[in-house]
Amino acid sequence: MVTHALSTRSPGGAFGLRAEEQRRWRRDGFFVRERVFRAPELARLRVALEAVARQVTTALDANDARYRIDGNAYAELPLGALSATVQLEHRQSSRAIRVIEPFHALHPDFEALVDDPRLVAPMRELVGAPQVALFTDKVNLKRPREGSGFDWHQDAPYWTHFCDHTGQLPNALLALDDAHTGNGCFRVIKGSHRQGCLPGRKGEGVLGPLFTHQDYFNLSNQVPIELAAGGVVFFSPYLVHGSQPNSSDAPRRALVLTYQPAGLRMFKHDRVRNAARLV
Ligand SMILES: O=C(O)CCC(=O)C(=O)O
């Protein structure tokens, strides 16, 4: 596992890492910032997201490009400047969208989010580079009663097939709705990042190896992150994480943005999306 050491002095100004956050990052593999985005901003981002979801649904209806992996439906859709991988919900013949990756180019408000100093400043320190670029971004829609869970996994083993800087790919998950155990909030295994890439599951289909084998982490270290809309979870690419299905009548939408050093191409596209430079 290659990770950089956090500097002890924060260069991030108002949004840089506080000492306690640096300690949590090293010890736990994540930290949470509450109330980062305000109610009017969230309302706007939710409107943008539902416009994108409608656009994706229209494209799905027009384009019979669905394929299945381990029984679940996916589609690669040419949308705007970039194509996107769309996952559909797991219920048989569901038309509900589960995940869109990447989504940032589908709406100007999401393009602006990539450059937001509230994400970029802490990310510079977590990436360990003076400027950063986007690696990938996805939206998890977790619709009421239908949103399926995410089995325990780390992101790094998946990305290792693509690049050798997996230690410099921190994630920021922005909660667009209040998240709690009833609507399938994000969960992490505290401290699991310290073991590097863990073995995957065996004999469970094509994607089984991408899910972390249960013998290699301790479920009793599980932390359900109940978080009001507008909060952000920063988490390591080595942290074991997942979530339960949404069994409530409330949505649990979240945006996940992953950054890397500036100048490097994105995960799914041969294109560089540098974030706005911070001084
Ligand atoms: O948002 C969630 O519930 C899980 C997200 C996740 O595991 C991921 O995006 O990799």
Side-chain angles (χ1 to χ4, degrees), residues 29-30 32 42 45-46 49 53 69-70 72 74 84-90 96-104 110 113 119 123 134-162 166 169-190 192-193 197-198 200-201 207-212 214 217 219 222-248 250-260 266-268:
F30 74 100
V32 178
L42 294 169
L45 289 171
R46 288 188 206 109
L49 176 52
I69 304 178
D70 298 338
N72 297 321
Y74 296 76
T85 305
V86 176
Q87 294 181 30
L88 293 169
E89 271 305 346
H90 293 170
I97 298 162
R98 180 174 192 257
V99 176
I100 307 167
E101 177 181 13
F103 68 89
H104 76 275
F110 294 140
L113 187 65
L119 299 178
M123 279 297 174
L134 193 65
F135 178 68
T136 192
D137 55 285
K138 53 190 178 249
V139 52
N140 299 331
L141 283 119
K142 274 267 177 119
R143 297 301 197 189
R145 301 275 163 205
E146 177 152 29
S148 48
F150 288 77
D151 284 358
W152 294 113
H153 65 281
Q154 300 170 296
D155 294 327
Y158 180 38
W159 294 333
T160 311
H161 297 289
F162 168 80
T166 44
L169 301 174
N171 299 293
L173 179 151
L174 164 59
L176 290 187
D177 298 299
D178 293 347
H180 45 82
T181 53
N183 64 358
C185 66
F186 187 63
R187 288 168 188 256
V188 302
I189 305 289
K190 188 172 171 172
S192 54
H193 67 300
C197 284
L198 293 167
R201 299 191 324 216
L207 298 183
L210 297 178
F211 297 109
T212 313
Q214 63 187 26
F217 62 94
L219 259 189
Q222 174 177 177
V223 182
I225 302 183
E226 299 203 303
L227 185 63
V232 179
V233 186
F234 293 89
F235 64 100
S236 160
Y238 295 102
L239 191 71
V240 178
H241 62 279
S243 63
Q244 300 279 314
N246 184 353
S247 54
S248 78
R252 207 228 94 197
R253 292 163 291 187
L255 310 177
V256 184
L257 292 92
T258 308
Y259 288 84
Q260 62 181 344
M266 293 182 65
F267 172 42
K268 288 188 178 249

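Every number for a ligand or one of its atoms is a count from 1 in the order of the listing.
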Tabulated below should be the N or O atoms of ligand 1 paired with protein N or O atoms at under 3.5 Å; can you produce that?
from     : atom 1 : to   : atom 2 : distance (Å)
ligand 1 : 1 (O)  : N140 : ND2    : 3.0
ligand 1 : 1 (O)  : R252 : NH2    : 2.9
ligand 1 : 3 (O)  : S243 : OG     : 2.6
ligand 1 : 3 (O)  : R252 : NH1    : 2.9
ligand 1 : 7 (O)  : H153 : NE2    : 3.2
ligand 1 : 7 (O)  : H241 : NE2    : 3.3
ligand 1 : 9 (O)  : N140 : ND2    : 3.4
ligand 1 : 10 (O) : H153 : NE2    : 3.1
ligand 1 : 10 (O) : H241 : NE2    : 3.2

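Partners of H90 according to the ring-ring contact (aromatic ring centres under 6.0 Å, His included) rule, which considers only residues two or more places apart in sequence or in another chain, do not exist here.
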Check against ring pair (Phe, Tyr, Trp, His ring centres under 6.0 Å), F30 and F186: CA-CA 12 Å; F30 74 100; F186 187 63; 8.4 Å; no
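Using modelled atom types, one finds no donor on one side chain facing an acceptor on the other under 3.5 Å when comparing D177 with N183.
Considering every non-hydrogen atom in both R145 and S247, the closest pair reads NH1-O, 2.5 Å.
The main-chain N or O of H193 is never found under 3.5 Å from a side-chain atom of S236 such that the two would form a donor-acceptor pair.
Side-chain atoms of K268 and E101, non-hydrogen and from C-beta on, do get closer than 4.5 Å to each other.
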